[in-house]
Student: 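Handing you a structure now.
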Amino acid sequence: MFSFRFTASPRGARLARRLASCRMDAWGWRYGTPAHDSVELIVGELSANAATHGRVPCRDAELRLSREEDGHVRVEVSDARGERLPETRDAGSGEDGGRGLLLVAALAKEWGTAPRPGAPARRCGPWCPPRRTVSSGTGP
């Protein structure tokens, strides 16, 4: 299990993505493999969402990675906002944002949100990510 609290800011989100990348490599999913890159992108998107939409002054966001018994990596990103749940949306062609959760849905076996026990916040993350971990034969 790997856990990291980060400031809900663009800098904090970048650091969360970088540390997830290093942890995946340390766990045996090498840089550049589909599983590694999928988790790195998922963490990047969810961390950016936490920094953008879940920010509460003086409250951190949290990244949790865990290796599941079935060989998958579980990704969870939580923030301090409990009143709004993330949702996918149809971004127009002229919009800069609005596609992150579509990328998460495409890369993860499944994903969702849940309340974070004992805290006024929510978790968001793929429960059994990434699809390519098992099917591509990469990873430990």
Side-chain angles (χ1 to χ4, degrees):
M1 162 81 109
F2 171 78
S3 180
F4 172 69
R5 296 185 77 80
F6 61 96
T7 58
S9 67
R11 177 179 280 179
R14 284 191 304 271
L15 182 57
R17 179 179 176 154
R18 180 67 183 134
L19 291 175
S21 176
C22 291
R23 177 57 54 175
M24 287 294 289
D25 185 65
W27 282 344
W29 284 284
R30 299 295 175 225
Y31 296 103
T33 61
H36 175 279
D37 292 350
S38 293
V39 168
E40 185 180 25
L41 182 59
I42 288 168
V43 169
E45 290 298 332
L46 295 179
S47 297
N49 281 355
T52 304
H53 305 293
R55 183 179 180 152
V56 172
C58 301
R59 298 283 305 270
D60 290 338
E62 183 178 20
L63 165 67
R64 293 173 56 134
L65 300 175
S66 58
R67 295 175 70 171
E68 301 295 309
E69 290 180 15
D70 63 2
H72 287 86
V73 174
R74 181 179 176 131
V75 176
E76 294 181 24
V77 174
S78 60
D79 61 44
R81 304 278 311 249
E83 71 277 6
R84 292 186 338 194
L85 294 177
E87 55 187 48
T88 57
R89 66 183 183 96
D90 242 347
S93 61
E95 293 184 56
D96 288 338
R99 296 169 187 83
L101 292 179
L102 295 174
L103 290 171
V104 170
L107 293 170
K109 183 176 179 183
E110 61 182 276
W111 75 279
T113 60
R116 193 172 76 177
R122 59 179 157 70
R123 293 186 302 223
C124 177
W127 306 140
C128 298
R131 287 181 186 164
R132 298 179 190 151
T133 302
V134 174
S135 63
S136 70
T138 59

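For the numbers below, each heavy atom of this structure counts, side chains included, while hydrogens, waters and symmetry mates do not.
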Student: Just so I know, are the side chains of Y31 and C22 near enough to count as touching, which here means a heavy-atom distance under 4.5 Å?
Tutor: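 Y31 reaches C22 side chain to side chain.
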
Student: Can you give me the closest heavy-atom contact between M24 and A35, atom names plus distance?
Tutor: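 Looks like CE-O, 3.9 Å.
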
Student: Could you check whether any side-chain heavy atom of W111 comes within less than 4.5 Å of a side-chain heavy atom of L46, counting everything from C-beta outward?
Tutor: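 No; the side chains remain at least 4.5 Å from each other.
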
Student: According to a 4.5 Å side-chain heavy-atom criterion applied to Ile, Leu, Val, Met, Phe, Trp and Tyr, with indirect links allowed, do L103 and L65 form part of one hydrophobic cluster?
Tutor: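 Cluster IDs for L103 and L65 differ.
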
Student: Yes or no on side-chain contact (heavy atoms from CB on, under 4.5 Å) for R17 and S47, after CA distance, side-chain angles and deciding distance?
Tutor: CA-CA 7 Å; R17 179 179 176 154; S47 297; 5.8 Å; no

Student: When rounded to the nearest 0.5 angstrom, what is the spacing between OG in S66 and CZ in R23?
Tutor: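 The OG atom of S66 sits 12.0 Å away from the CZ atom of R23.
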
Student: When the ring planes of F4 and F2 are compared, do they come out parallel, tilted or perpendicular, using 30° and 60° as the limits?
Tutor: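 The arrangement is parallel - the two ring planes meet at less than 30°.
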
Student: Taking the side chain as every heavy atom from C-beta outward, state whether D60 and D79 have any atom pair closer than 4.5 Å.
Tutor: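 Answer no - side chains too far apart.
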
Student: Restricting to non-hydrogen atoms, name the atom on V43 and the atom on A16 that form the minimum distance, rounded to 0.1 Å.
Tutor: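 The pair with the smallest heavy-atom distance is CG1-O, 3.7 Å.
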
Student: Which value, rounded to the nearest 0.5 Å, describes the distance between N49 atom CG and E45 atom CD?
Tutor: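 Taking CG in N49 and CD in E45, the distance rounds to 6.5 Å.
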
Student: May I ask whether L19 and L41 are part of the same hydrophobic cluster, defined by side-chain heavy atoms of I, L, V, M, F, W, Y residues being less than 4.5 angstrom apart, directly or through others?
Tutor: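 Linked within one cluster.
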
Student: For the CD atom of E76 and the CZ atom of R74, what is their distance to the nearest 0.5 Å?
Tutor: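 CZ of R74 is found 4.5 Å from CD of E76.
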
Student: What are the two closest heavy atoms between A48 and A13, and how far apart are they?
Tutor: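 Where A48 meets A13 most closely, the heavy atoms are N-CB, 3.8 Å.
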
Student: Does the R30 side chain pair with the main chain of D25, one donor and one acceptor, at a distance under 3.5 Å?
Tutor: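 A pair under 3.5 Å: yes.
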
